[in-house]
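In what follows, a structure is listed as structure tokens, so that the remarks can point back to it.
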Amino acid sequence: MKASRTRKSAPSRAASGKLRVSPGEWLRQHWLCAKDALQRLFSQPVNTFMTLMVIGVALLLPALLYVLGSNLAQFGNRLTETGQITAYFHDATSDADHLSLVNSLQTDDRINVVNYISTEQAMRDFADWSGLGDVMSNLEENPLPASLDIHLPASGLTDINALAEELSANELIDLVQVDEQWLIRLEQILMLGDRIVLVLVAVLAMAVLFIVGNSIRTIIANRSDEIQVMNLIGATRQYMARPFLWLGLCYGFLGGVIAWILLALMLLFIHEPASALLGFYGSEYQLIGLGWQASLSLLLGSALLGWLGARISVSRHLTKS
Amino acid sequence: MIRFDEVSQRYPGGHEALKQVSFELERGEMAFLTGRSGAGKSTLLKCIMRTESLSQGQILVSGRNIQRISDKQIPFYRRRIGVVFQDHQLLYDRSVYENVALPLRIDGYREADAARRVRAALDKVGLLSKEKMNPIALSGGEQQRVGIARAVVNRPQILLADEPTGNLDPELAADIMKLFEQFNQIGVSMLIASHDLALITRLRHRMLTLDNGRLIRDEQHPSRQGAGSS
């Protein structure tokens with residue numbers, strides 16, 4: 001320690017004595033902190049693993065429900081895309097009246113296609129389809145009503161219902177059938193499902209906050225000597241908090257990774273029977289996984305939660321100067 | 001450098017640790033703070049560090065009233081003061097080198113600059129060859145020297161020591177004091193709390209004696225009369 005040695009190597013200081021750290025140096029310090037956090041996590045593998053598993057399972061539940069919801073939703077989406085209404089005319093109405101209604105419906109924006117099925121057409125279709133042509137031709141009177149076959153674009157369920165009501169109100173129309181009534185129920189179930197996922201996310205996010213917060217609290221308690229020394233030799237609160245925030249971030253992120261892996265394993269496990277079941281409803285249905293966007297959200301969200309949990313813990317338990 | 005004006009300090013619960021203490025330590029001066037256990041030596045040092053706050057009076061360090069330093073500025077104030085503790089306060093989860101480097105890391109030094117300074121400090125206390133060891137493997141005297149290296153690595157203007165030789169045998173204690181004198185010779189102001197009268201009366205420095213929180217004696221060593229400020 002020669003007194004003659006200059007201080008030029010020291011970082012620049014403002015007049016107040018406050019330190020200005022260059023961005024590169026600041027990044028390097030953070031990198032060291034992150035590396036140190038990971039090393040600490042892996043220096044106590046059993047403890048760390050247990051904590052991470054708890055966080056992972058807590059995150060797994062909402063992720064699982066989300067996947068379930070998105071798999072159910074594909075039924076809703078597919079069917080509303082081909083939303084269909086069948087409207088039957090009264091017997092005592094004329095073809096001309098029918099055609100004028102058809103014309104007016106064809107100009108309706110909500111409707112993709114309107115097929116008019118006259119009584120004769122209905123009879124022919126039925127005869128072809130049933131193979132009972134001979135029987136039918138012996139009937140004195142055509143018992144089948146004329147009908148409209150209306151297809152809607154992927155416009156959601158509100159249009160279907162509104163249109164169905166309008167048609168019911170029309171005096172030409174005897175009966176309106178929305179074959180997809182159950183769609184409404186599905187949609188409502190899905191909405192309920194979304195809400196449940198949201199509630200679960202909120203509750204389990206809180207659980208993750210507490211888990212990480214408590215782990216960080218224990219670590220702070222174990223390192224109280226170090227914090228005391230740091231405090232006496234002039235470490236700022238931010239500097240002392242930094243390793244714990246990084247620890248929280250690592251906990252959260254790795255917990256998210258575990259949740260993702262568990263979910264992937266579960267999907268792999270149920271893939272075969274689930275695909276078989278879905279295939280029964282049509283080849284276009286497939287088992288949907290988390291997808292990269294939701295995966296990214298899961299990882300970022302869990303990392304953020306971990307950081308937040310650590311922040312809360314640090315603000316409560318890090319000694320004041 | 002350090003001026004106490006009628007400083008009193010009362011702990012919560014009513015115990016008065018310091019009673020109207022006044023003295024001034026000149027820049028570059030070295031003084032011993034002595035008195036029985038519980039006389040208030042540690043409290044006085046803690047007040048300078050601002051880990052204890054005053055109930056009365058004021059302390060000026062480099063002309064600045066330290067009670068007025070904001071909480072945010074305290075860390076930066078503490079960086080200008082080196083502290084040596086009786087129990088070393090070393091961290092046993094890292095090497096000697098990392099222990100000494102701690103104040104520089106906090107201060108944001110670049111690695112290469114930090115390395116130079118840490119080695120210089122370790123060289124000064126004679127432990128350069130042990131930089132990679134864990135401090136727990138060192139003897140008490142060596143650990144104390146690591147603590148001193150850490151206290152001086154940032155080249156503070158002021159060095160405080162609280163019973164730095166409390167756990168050492170007389171020979172090692174004398175070595176540590178010699179080390180302090182060397183730092184004092186390059187201009188560091190020093191206040192060393194010690195109850196080891198046998199040792200400190202042999203060293204020719206100012207002696208402040210506390211008794212039950214009161215400064216009862218403030219004597220310049222006879223050979224140094226009038227040489228307080230340099």
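Naming convention: chains lettered A, B, ... in sequence-line order (proteins, then strands); numbering from 1 in each chain.
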*Are the charged groups of B:Asp107 and B:Arg79 less than 4.0 angstrom apart, N to O?*
yes
*asked:* Does any backbone or side-chain atom of B:Arg150 lie under 4.5 Å from a heavy atom of chain A? Answer side chain, backbone, both or neither.
replied: side chain
*Residue B:Gln182 versus chain A: region with a heavy atom under 4.5 Å*: neither
*Check whether B:Leu102 gets within reach of chain A through its side chain, its backbone, both or neither, counting any heavy atom under 4.5 Å.*
both
*Measure B:Asp123 against the heavy atoms of chain A and call it side chain, backbone, both or neither at under 4.5 Å.*
neither
*Taking NZ, NE, NH1 and NH2 as the nitrogens, is one of them in A:Glu226 or B:Arg94 under 4.0 Å from a carboxylate oxygen of the other?*
yes
*Look at the aromatic rings of B:Phe32 and B:His205 and report parallel, tilted or perpendicular, splitting at 30° and 60°.*
perpendicular
*Segment of B:Phe85 engaging chain A (4.5 angstrom heavy-atom cut-off)*: side chain
Got a list of side-chain donor-acceptor pairs under 3.5 Å for residues 204-219 of chain A, not counting sequence neighbours?
residue: A:Asn214; atom: OD1; partner: A:Arg217; partner atom: NE; Å: 3.1
residue: A:Asn214; atom: OD1; partner: A:Arg217; partner atom: NH2; Å: 3.0
residue: A:Ser215; atom: OG; partner: A:Ile211; partner atom: O; Å: 3.0
residue: A:Thr218; atom: OG1; partner: A:Asn214; partner atom: O; Å: 2.9

*asked:* Quick one, A:Asp36 with A:Arg40, criterion salt bridge (charged side-chain N to carboxylate O under 4.0 Å, His left out). Give me CA distance, side-chain angles, the key distance, then yes/no.
replied: CA-CA 6 Å; A:Asp36 184 60; A:Arg40 274 175 198 281; 3.1 Å; yes
